[in-house]
Enquirer: 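Take a look at the following structure, please.
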Amino acid sequence: MTKRRLRLLLAEKGHGEAAAALHALYAESDPGLDLTVVSTVATLLATIKVVDPEIILLDLSLNLREPMDAVHLVHRTAPGVPLVLFADPAEKEQATRGSAEGAIDLVLKGQVDAHTLERVLRTALERNTLTGLTDLLRDQATGLYTRDGFLTVGAGRQAEGIRVGGSLVLICVFFENLRALRDAFGPGTANHALKEVATLLKGCCRRSDVVGRLGEAQFAILGVDAVAPSTEMMRNRLQRNLAVHNQARSPRGPIDLRTSIGSWTPNDPRTFSEFLDGIESRLRTSEDAEAMPEKVPQTQP
């Protein structure tokens, strides 16, 4: 399944079901598995930094009184490491809450065979690779995704939308007076203004939405699982927040933003890249683009 030694950290009493299945899965693999087995949650937490695991597997029965506390502690200690849980079938309902504490998958005891583990581990490694990739694809000045990062994440969200029937809303944003601010006040003020715009855009989003800086003065917000009526709601929220923000910017002057907006549904044949290009082209040509007002609206829609 892999061409290198996979570093796994397993918290399980003795050499139990999970350890046996892992050894069976990697018995003929070269170079195979680098497995560390611990028998308590406390030992697991202390071992994470030593082992530097690529995947952590946790038997919930190690903490019978408050198993979700153990999940929370492990995820907080190693937030970037995929966490897979093992649980008794009778505890399935409680164990499914593990995703809220940071777990990515759950396997029930009695079903921990080599085939199931191969699927779970492959999913964990794919997620870990994508997370590492997108963390590298972030703009240093703002912390937002770069164009490549935005396209990578956006294509993933589109694929998920096709699978579950969800929709997307995309707002492209152009920072119209960035160059004027740089010329008038210097690069330091311009860089600070870019960070202000990034904070402003993130403040208009839900946790599931994606924000990117696509160019020197180009930004975008991807609304996930949004419907057509929410397009104007998203733009109006951005307008209101910008107007309030600009009132406090004197004497540096306002931030001027221009937007273009569009939506995608699963029956739309465009790729995510084509969807983005279409909305951006409207912004460049001012078609369906709208300048943000500088004053706070007297009535909110």
Enquirer: Using a distance-only test with no angle check, is there a side-chain donor-acceptor pair under 3.5 angstrom linking Asp268 and Thr265?
Expert: no

Enquirer: Shortest non-hydrogen contact from Pro53 to Leu9?
Expert: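 That would be CB-CB, 3.8 Å.
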
Enquirer: Go through it in stages, so that I can follow the logic: the residues are Glu54 and Val81, the test is side-chain contact (heavy atoms from CB on, under 4.5 Å), and I'd like the CA-CA distance, side-chain angles, deciding distance and then a yes or no.
Expert: CA-CA 6 Å; Glu54 294 171 89; Val81 181; 6.0 Å; no

Enquirer: Compare every heavy atom of Phe175 with every heavy atom of Leu257, then report the nearest pair and how far apart it is.
Expert: CD2-CA, 3.8 Å

Enquirer: Looking only at heavy atoms, which two atoms of Val41 and Ala70 are closest? And how far apart?
Expert: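 Smallest heavy-atom distance, with atoms named: CG2-CB, 4.0 Å.
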
Enquirer: Would a distance-only check, ignoring hydrogens and angles, find a side-chain to backbone donor-acceptor pair under 3.5 Å from Arg182 to Pro187?
Expert: no

Enquirer: What heavy-atom pair brings Asn177 and Pro254 nearest, and what distance separates the two atoms?
Expert: ND2-O, 2.8 Å

Enquirer: Between the side chain of Glu176 and the main-chain N/O of Asp256, is any donor-acceptor distance below 3.5 Å?
Expert: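 Between the backbone of Asp256 and the side chain of Glu176 there is no qualifying donor-acceptor contact (under 3.5 Å).
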
Enquirer: How about Ile56 and Val84: do any of their side-chain heavy atoms sit closer than 4.5 Å?
Expert: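 Side-chain contact under 4.5 Å: no.
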
Enquirer: Tell me whether Thr43 contacts the main-chain N or O of Ser39 through its side chain, where contact means a donor paired with an acceptor under 3.5 Å.
Expert: no

Enquirer: Name all pairs fulfilling the salt bridge (charged side-chain N to carboxylate O under 4.0 Å, His left out) condition that reach into residues 147-159, sequence neighbours left out, sorted by first residue then second.
Expert: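 Those involving residues 147-159 are Arg147-Glu280.
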
Enquirer: Sub-3.5 Å donor-acceptor pair from the side chain of Ser260 to the main-chain atoms of Ile279, do we have one?
Expert: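 Yes.
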
Enquirer: Ring of Phe275, cation from Arg270 - is the NZ or CZ under 6.0 Å from the centre and inside 45° of the axis?
Expert: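 No.
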
Enquirer: Could you tell me whether the side chain of Leu276 reaches within less than 4.5 Å of the side chain of Leu170, counting heavy atoms only?
Expert: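 Side chain of Leu170 against side chain of Leu276, heavy atoms only: contact under 4.5 Å found.
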
Enquirer: I'd like to know if the side chain of Gln218 reaches the main chain of Phe174, judged simply by a donor and an acceptor atom lying under 3.5 Å from each other, with no hydrogens or angles considered.
Expert: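 No, Gln218 side chain to Phe174 backbone: no donor-acceptor pair under 3.5 Å.
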
Enquirer: Please confirm whether the backbone N or O of Ala18 pairs with a side-chain atom of Glu12, one donor and one acceptor, at under 3.5 Å?
Expert: yes

Enquirer: Quick one, Arg282 with Asp277, criterion salt bridge (Lys or Arg N to Asp or Glu O under 4.0 Å). Give me CA distance, side-chain angles, the key distance, then yes/no.
Expert: CA-CA 9 Å; Arg282 297 179 189 175; Asp277 286 344; over 6 Å; no

Enquirer: Work out which heavy atom in Gly278 is nearest to a heavy atom in Ser281; give both atom names and the distance.
Expert: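 So the minimum-distance heavy-atom pair works out to O-OG, 2.7 Å.
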
Enquirer: Less than 4.0 Å between a side-chain N and a carboxylate O, is that true for Asp139 and Arg213?
Expert: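 Yes, Arg213 and Asp139 are salt-bridged.
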
Enquirer: Looking at every heavy atom in both Ala198 and Leu144, which two are closest together, and how far apart are they?
Expert: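 Here Ala198 and Leu144 meet closest at CB-CD1, 3.7 Å.
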
Enquirer: Roughly how far apart are Leu242 CG and Leu201 CG, rounded to 0.5 Å?
Expert: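 Spacing of CG (Leu242) from CG (Leu201) equals 9.5 Å.
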
Enquirer: If you round to the nearest 0.5 Å, how far is CD of Gln140 from OG1 of Thr146?
Expert: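 Thr146 OG1 to Gln140 CD: 10.5 Å, rounded to 0.5 Å.
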
Enquirer: Determine yes or no for a side-chain-to-main-chain donor-acceptor pair under 3.5 angstrom, with Asp113 supplying the side chain and Thr116 the backbone.
Expert: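 It does hold such a pair.
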
Enquirer: Are Leu33 and Ile55 connected in the hydrophobic side-chain network, where two residues link if heavy atoms are under 4.5 Å apart?
Expert: yes

Enquirer: Taking Gln111 for its side chain and Leu108 for its backbone only, find out whether a donor-acceptor pair lies under 3.5 Å.
Expert: no

Enquirer: Can a donor-acceptor pair be found between the side chains of Lys109 and Ser61 at a distance below 3.5 Å?
Expert: yes

